[in-house]
Amino acid sequence: MSGTVSLELKQRIKEAIDIVELVGRVIPLRRQGRLFVGLCPWHDDTHPSLQVNPERQSFKCWVCDIGGDVFTFVMKMEGVSFPEALRILAEQAGIPLTAAVQPGLTGGEKQDLYHAMAWAEGQYHRCLLDSAEAEVARRYLADRGLSPESIRKFRLGFAPAAAAWILSRVGSGSPNAPTLEKLGILVRSSFGPGWYDRFRGRLLFPIRDWQGRPIGFGGRVLPGVDTAQPAKYINSPETPLFAKSRVLYGLDLAKEGIRRTKQVLVMEGYTDCILAHQMGFDNAVAVLGTALGEDHIRILRRWAERIVLVLDGDEAGQRRAAEVLSLFVSHNLDLWILTLPEGLDPCDFLLQKGPEAFARLLETETVDALEHAYRIRTRGIDVRRDIQAASEALEGLLEIVASAPRLREDSPQQRLLREQLLLQRLAEQFRVPEQLVRDRLSEVRQAVRRRAEQAALRRRPASGLAHQTPPTRLDPLERELLMLMVRFPELCSRIAQQFPSEAIQHPWAQQIYWTSCRLAEAGQTPDFHRLLLEFEQPELQNLLVELDEEGLAKDIQDPWALLEELKRCYFRRATQVQALVRSAVPPPELPEPGDEHQWLRQVLERERIRHGLISPTEGGKSSGISQGNGLPD
Ligand SMILES: [Zn+2]
């Protein structure tokens, strides 16, 4: 996906997110000179090793050799890929990129798709309101108790049963058939030329993003109407605008209510959500036929402090107990469950018992996710007497706790604290000593880890390692040269002219070097910030931050003089190497032609150690130039 994300987009996100704020949310930071410092989350840190540089908008742990910008931080912290980190940060920054990360979609094309979607939504909506064919749908909605206001507010629609009704509406100024196909509205017929309506014969629930732009449809069958597919509900397929795991139905209309009440009600059906709004619960949303997932939580946390999952009756509660507990364990999250009585869904409950009864249930019957899972697991068990069944239930719960993904947005301390509270509660509920629960959890956790490792081993391809990492250390001279390039981009073309490209050998260094040269040639300034935008690989980002920080620490007054000095060093060394090669006798036997290279490297390495060509950074902070052992320090 690299390359399809525009630099402007990355730049906008970086401008919107302050790294001190981002890191500070996870790790307590305090100011130390020009930096902020905190305990590193990736090693067992006792004194603050993690440095955050507000001016450079970078972070670095020298112990772990990890560093980079906001994207790298999220990648490392959450264990996600670059596009995922981009998405998370865009979400936090409130920058829409639903289609921006889709390969090959320009801003204009995306706009066209939004327009086409809005056009189709309008066609279906008017059809539901006015057309004779839609009578069956209007009757259904009236039976379900949905008011005309709700139908307008949620812009419900109807797709007539004719094979390609929407095509008959296409005219000048409307989107064309291929565009509607791209949006999943039209499906190409497999029997002949042409298309048919995916949603034909269905009541349509337009699905909008949180900004209120229609991006997809949910379609429900109606009694006695012929459809293309038998399923009761179908949703739009994944399209450049629509990804169902990242969308919540009704969020555009609920977000003010959520902000006001700091609470969100998550329901399972579209009509549940609409009726909740109609009855005054304007903080209700619905999932799109999927379980509540990480992506949903991430979106909802922007507005809600407390999430209440409203489940239809007991069966759903049992089905979802484990997944809900897992989310609860992994997120610093106030996650509550309301199971409706008598197997009613929210829509039926509200219609039969009224909004006051629903509000009362919310007040009195919601339990948090742990309590919910405990109740499900221990149903019909006397935990004080039925030792065997109780220990199995406890075991089951600990298994969920142990398998829950590591918390993404919190620090080790927060995680420990939450785990402690959880274990205390389990100990109380099962009436066993807390230490016992704790010990058992670490055993279960080890077992879970072993299983995961074995699974990973099985997945690994038979031929060697999954990916090879180049040697971590750069040659001192190439490192110094690269540092100069990063700190003083105006030297770039001079360096390219005066040094042969072999001066840069390490693959990562080469990437930075060639990118700088390319940018300079294109008339851009390849400075630190510009280079960070070019790379998505954590290793390269880390190296860039290292070079930048080293350069800053050296406080170089005269980069041109340092460059001259490096040049002298380089050519002196090149001469020495040539002499060495001429004088060295090759070993008597070279089993493979490739080994000559290896042997030469060894000779050079030996010589470098003998001449004391150690890393210039190991000598600590210094400034200016000194004639030392062959390299400026
Ligand atoms: Zn560290």
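Count residues from 1 along the sequence. Every heavy atom of this structure was used, including side-chain atoms; hydrogens, water molecules and symmetry mates were not. Keep in mind that this is a model prediction, so the values were computed, not measured. One-based numbering, in listed order, for ligands and for the atoms of each.
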Please check if any side-chain donor atom of [X] sits under 3.5 Å from a side-chain acceptor atom of [Y], or the reverse.
X      : Y      : answer
Asn542 : Gln537 : no
Asp475 : Gln505 : no
Gln420 : Glu434 : no

_2.8 Å shell around the Zn ion (ligand 1), exclusive bound, protein N/O/S atoms_ = 4
*asked:* Assess whether a salt bridge exists between Lys554 and Glu480, defined as any Lys/Arg side-chain N lying under 4.0 Å from an Asp/Glu carboxylate O.
replied: yes
*With a cut-off of 6.0 Å (strictly less than), are more than 12 heavy atoms of other residues, nucleotides or ligands near CH2 of Trp560?*
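Yes.
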*List the steps, then state whether ring-ring contact (aromatic ring centres under 6.0 Å, His included) holds for Phe59 with Phe36.*
CA-CA 9 Å; Phe59 75 96; Phe36 283 84; over 10 Å; no
